[in-house]
Amino acid sequence: MWEEILRALPVYLMSMLKFIFGPVLGKAAGLNLFTTMLVTAGGMMTAVFAFTYFGKFIREKILNRFFPEKTNEPKQNKKIVVVLKKYGLAGIAFLTPIILTPIGGTLLAVGLGNRRDKIILYMLISGGIWSVVLTLAVYFGYDALLELIKKFQPV
């Protein structure tokens with residue numbers, strides 16, 4: 001049991017930073033399929049929870065100190081904000097695991113003024129669905145790719 005937990009800990013921690021690391025590292029560590037799904041979603045949700053409740057503090061007290069806000073934003077950033085406002089929190093939550101990072105998606109959702117409980121709910125649903133989809137893709141796609149490579153190797 002402790003061995004499984006120790007193998008799952010890096011997967012959990014890396015899933016907090018970038019979601020796709022969870023399934024890939026879970027497969028590499030030899031974790032059970034369902035353990036990988038749970039740990040990946042759990043890592044994302046830890047980051048979502050932390051940055052939902054402390055994101056404003058982190059942005060105001062830490063990030064702005066090292067990265068001061070620019071007064072004239074490029075037009076491209078304004079276009080991105082328009083698109084994100086059009087699709088709202090559901091669009092941000094959908095894109096967070098596959099394109100954005102859990103931290104980036106959460107800070108974006110908080111920055112656009114969404115309620116904390118809605119952010120957590122939407123991210124939980126998105127993280128759960130993407131955890132299943134990406135873990136299955138990594139676990140079975142990897143095995144299928146190995147089989148394909150074996151077929152084309154010379155004997």
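One is the number of the first residue; the rest follow in order along the sequence. Side chains included, hydrogens not; waters and symmetry mates left out as well; all remaining heavy atoms used.
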Is Ile129 linked to Leu38 within one hydrophobic cluster, defined over Ile, Leu, Val, Met, Phe, Trp and Tyr using a side-chain heavy-atom separation of less than 4.5 Å?
-> no
Measure across Ile103 and Ala47 and return the closest heavy-atom pair with its distance rounded to 0.1 Å.
-> CG1-CB, 4.2 Å
Give, for atom CE of Met37 and atom OG1 of Thr35, the distance between the pair rounded to the nearest 0.5 Å.
-> 10.0 Å
Sort and list the pairs that fulfil ring pair (Phe, Tyr, Trp, His ring centres under 6.0 Å) and have at least one residue in residues 95-118, not counting sequence neighbours.
-> none
Leu121: side-chain contact (heavy atoms from CB on, under 4.5 Å) partners, not counting sequence neighbours = Ile125
Sorted by chain and residue number, the side-chain contact (heavy atoms from CB on, under 4.5 Å) partners of Ile149 (sequence neighbours excluded) come out as Leu145, Gln153
Who are the side-chain hydrogen bond (donor to acceptor under 3.5 Å, both in side chains) partners of Lys27, not counting sequence neighbours?
-> Asp143
Using a 4.5 Å side-chain heavy-atom cut-off and chaining through intermediate ILVMFWY residues, the residues clustered with Leu146 come out as Tyr142
Look up atom CG in Leu25 and atom CG in Leu31, then write down how far apart they are to the nearest 0.5 Å.
-> 9.0 Å
Taking only residues two or more places apart in sequence or in another chain, which ones pass side-chain hydrogen bond (donor to acceptor under 3.5 Å, both in side chains) with Arg115?
-> Asp117
Can you run down the salt bridge (Lys or Arg N to Asp or Glu O under 4.0 Å) pairs that involve residues 37-46, sequence neighbours left out, and say none if there aren't any?
-> none
d(Leu100 CG, Lys18 NZ) to nearest 0.5 Å is 7.0 Å
Atom CZ of Phe140 and atom OG1 of Thr135: how far apart are they, to the nearest 0.5 Å?
-> 10.5 Å
Treating Ile, Leu, Val, Met, Phe, Trp and Tyr as nodes and any side-chain heavy-atom pair under 4.5 angstrom as an edge, say whether Ile99 and Leu112 lie in one connected cluster.
-> yes
Shortest non-hydrogen pair, Met44 vs Thr96, comes out as CE-CG2, 4.0 Å
Judged by atom type as modelled, is there a donor-acceptor pair below 3.5 Å linking the side chain of Tyr122 to the main-chain atoms of Ile92?
-> no
Indicate the atoms forming the closest heavy-atom contact of Ala8 with Val39, along with that distance.
-> O-CG1, 3.5 Å
Mind checking ring pair (Phe, Tyr, Trp, His ring centres under 6.0 Å) for Phe94 and listing every partner two or more places apart, or none if nothing turns up?
-> Trp130
Salt bridge (Lys or Arg N to Asp or Glu O under 4.0 Å) partners of residues 8-17, not counting sequence neighbours, each pair once | none
Hey, could you give me each pair passing ring pair (Phe, Tyr, Trp, His ring centres under 6.0 Å) that has a residue in residues 2-52? Not counting sequence neighbours.
-> Phe49-Tyr53
Contacts of type side-chain hydrogen bond (donor to acceptor under 3.5 Å, both in side chains), residue Ser131, not counting sequence neighbours | none
Criterion side chain to side chain contact (heavy atoms under 4.5 Å, CB included) on Thr36 and Val138, from CA distance to verdict = CA-CA 11 Å; Thr36 301; Val138 167; over 6 Å; no
Residues which pass side-chain contact (heavy atoms from CB on, under 4.5 Å) with Thr52, listed by chain and number, not counting sequence neighbours | Val48, Thr106, Arg116, Ile119, Ile120
Rounded to the nearest 0.5 Å, how far apart are CG of Leu89 and CG of Leu108?
-> 9.5 Å
Return the minimal non-hydrogen interatomic distance between Ser15 and Gly22, and the atom names on each side.
-> OG-CA, 3.2 Å
